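Report on the following structure.
Worth saying up front: this structure is predicted, and the values here are computed from it rather than measured.
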Amino acid sequence: MIFITPNGVISFISPQHCGSISDKQLFIKSKLVDRLEPNDVMADKGFLIAEELESIGCKLQCPIFLKDKIPFDISENISNSKLSNMRVTVERSISRVKQYNYFEGAIPYTCLPHVDKVFFITCMLCNVYIPLIQMI
């Protein structure tokens, strides 16, 4: 699990986990809630951490999907448009990490002790690139 700032910088990287763990369990285990400031947090629809975020004054922002409500009103259209723009930045940031191809396919057993370090270094190398969005 990684967290990305509005300009595409990777700001948090959780340790890797083998096996089955839900997004919510990983979020709680990472103790990221202790590092967040009251603000909005964007996540995918299935990321069920709204209660944990409300405890620190954050609001979970998820896109509204057509099956949830038809038709959208103007404010929902504007909100969805802004969230879509942010999602593009997140996806572009994630694609920077994927370009290294280290994590494609099976990772040799002998490399497992180093996976967290390699992933961290990969993410930090991505942060050295030109920012995805110039913040003023």
Side-chain angles (χ1 to χ4, degrees):
M1 177 174 60
I2 61 175
F3 272 59
I4 299 168
T5 64
N7 64 341
V9 173
I10 298 170
S11 62
F12 176 82
I13 305 159
S14 74
Q16 305 300 307
H17 290 277
C18 296
S20 178
I21 185 169
S22 72
D23 292 335
K24 183 175 182 173
Q25 290 171 323
L26 184 56
F27 179 78
I28 292 168
K29 192 172 183 175
S30 71
K31 299 186 191 264
L32 183 60
V33 75
D34 297 337
R35 299 176 184 176
L36 294 175
E37 297 176 7
N39 204 338
D40 290 343
V41 174
M42 183 183 71
D44 286 334
K45 186 177 181 182
F47 208 79
L48 308 173
I49 58 168
E51 291 177 13
E52 288 75 17
L53 291 174
E54 285 176 11
S55 68
I56 60 160
C58 285
K59 181 180 178 189
L60 182 62
Q61 296 289 331
C62 294
I64 302 167
F65 293 93
L66 279 176
K67 66 181 180 180
D68 294 338
K69 181 179 178 184
I70 299 175
F72 291 146
D73 60 34
I74 293 173
S75 65
E76 290 170 330
N77 267 342
I78 292 169
S79 173
N80 256 9
S81 177
K82 288 179 182 177
L83 283 174
S84 293
N85 290 339
M86 286 187 260
R87 286 180 61 87
V88 168
T89 303
V90 168
E91 293 301 326
R92 288 176 64 201
S93 184
I94 291 170
S95 71
R96 284 181 170 181
V97 176
K98 289 180 178 180
Q99 79 178 2
Y100 284 94
N101 298 329
Y102 181 81
F103 300 98
E104 287 185 8
I107 297 174
Y109 183 75
T110 56
C111 295
L112 291 180
H114 309 290
V115 168
D116 280 341
K117 294 173 192 160
V118 171
F119 190 69
F120 178 83
I121 291 168
T122 301
C123 290
M124 292 304 103
L125 286 172
C126 294
N127 282 346
V128 176
Y129 293 178
I130 297 170
L132 292 169
I133 295 178
Q134 299 294 326
M135 301 299 281
I136 298 175

Which heavy atom in Cys126 sits nearest to a heavy atom in Ile10, and how many Å separate them?
CB-CD1, 4.5 Å

In chain order, what residues pass the side chain to side chain donor-acceptor pair (under 3.5 Å) check against Gln25, with sequence neighbours excluded?
Ser22

Taking all heavy atoms of Phe47 and all of Leu60, pick out the closest pair and write down the distance.
O-CD2, 3.4 Å

Applying salt bridge (charged side-chain N to carboxylate O under 4.0 Å, His left out), which residue pairs with at least one partner in residues 3-26 are found, sequence neighbours left out?
Lys24-Glu52

The criterion is side-chain contact (heavy atoms from CB on, under 4.5 Å); which residues satisfy it with Leu26, sequence neighbours excluded?
Met1, Ser14, His17, Ile21

Return all side-chain donor-acceptor pairs below 3.5 angstrom for residues 105-113, not counting sequence neighbours, or 'none' if the list is empty.
none

With sequence neighbours left out, what residues match Phe119 under ring pair (Phe, Tyr, Trp, His ring centres under 6.0 Å)?
Phe103

Is a side-chain donor or acceptor of Thr122 paired with a backbone partner of Val118 at a separation under 3.5 angstrom?
yes

If Ile, Leu, Val, Met, Phe, Trp and Tyr residues are connected whenever their side-chain heavy atoms lie under 4.5 Å apart, and connections chain through other members, are Val88 and Val9 in the same group?
no

If every non-hydrogen atom of Gly8 is compared with every non-hydrogen atom of Asn127, which pair is closest and at what distance?
O-OD1, 4.4 Å

Could you work out, with salt bridge (charged side-chain N to carboxylate O under 4.0 Å, His left out) as the rule, every residue matching Lys29, not counting sequence neighbours?
none

Those residues at least two apart in sequence (or on a different chain) that pass side chain to side chain donor-acceptor pair (under 3.5 Å) with Thr5 are Asn7

Is it true that a side-chain atom of Ser95 and a backbone atom of Arg92 form a donor plus acceptor pair closer than 3.5 Å?
yes

Spatial distance of atom OG (Ser55) from atom CG (Leu53) [nearest 0.5 Å]
7.5 Å

Nearest atoms (heavy-atom pairs only) where Ile4 meets Ile94:
CD1-CG1, 4.0 Å

Selection residues 97-106 - residue pairs positive for side-chain hydrogen bond (donor to acceptor under 3.5 Å, both in side chains), sequence neighbours left out:
Gln99-Tyr129, Tyr100-Tyr129

Taking side-chain contact (heavy atoms from CB on, under 4.5 Å) as the test, write out the residues that go with Asp116, two or more places apart.
Pro15, Gln16

Hey, is CZ on Phe120 packed in by over 12 heavy atoms from elsewhere, all under 6.0 Å?
no

When rounded to the nearest 0.5 angstrom, what distance separates CG in Leu32 from CZ in Arg35?
7.0 Å

First locate atom CG of Leu125, then atom CZ of Arg96, and finally report the distance between them rounded to the nearest 0.5 Å.
11.5 Å

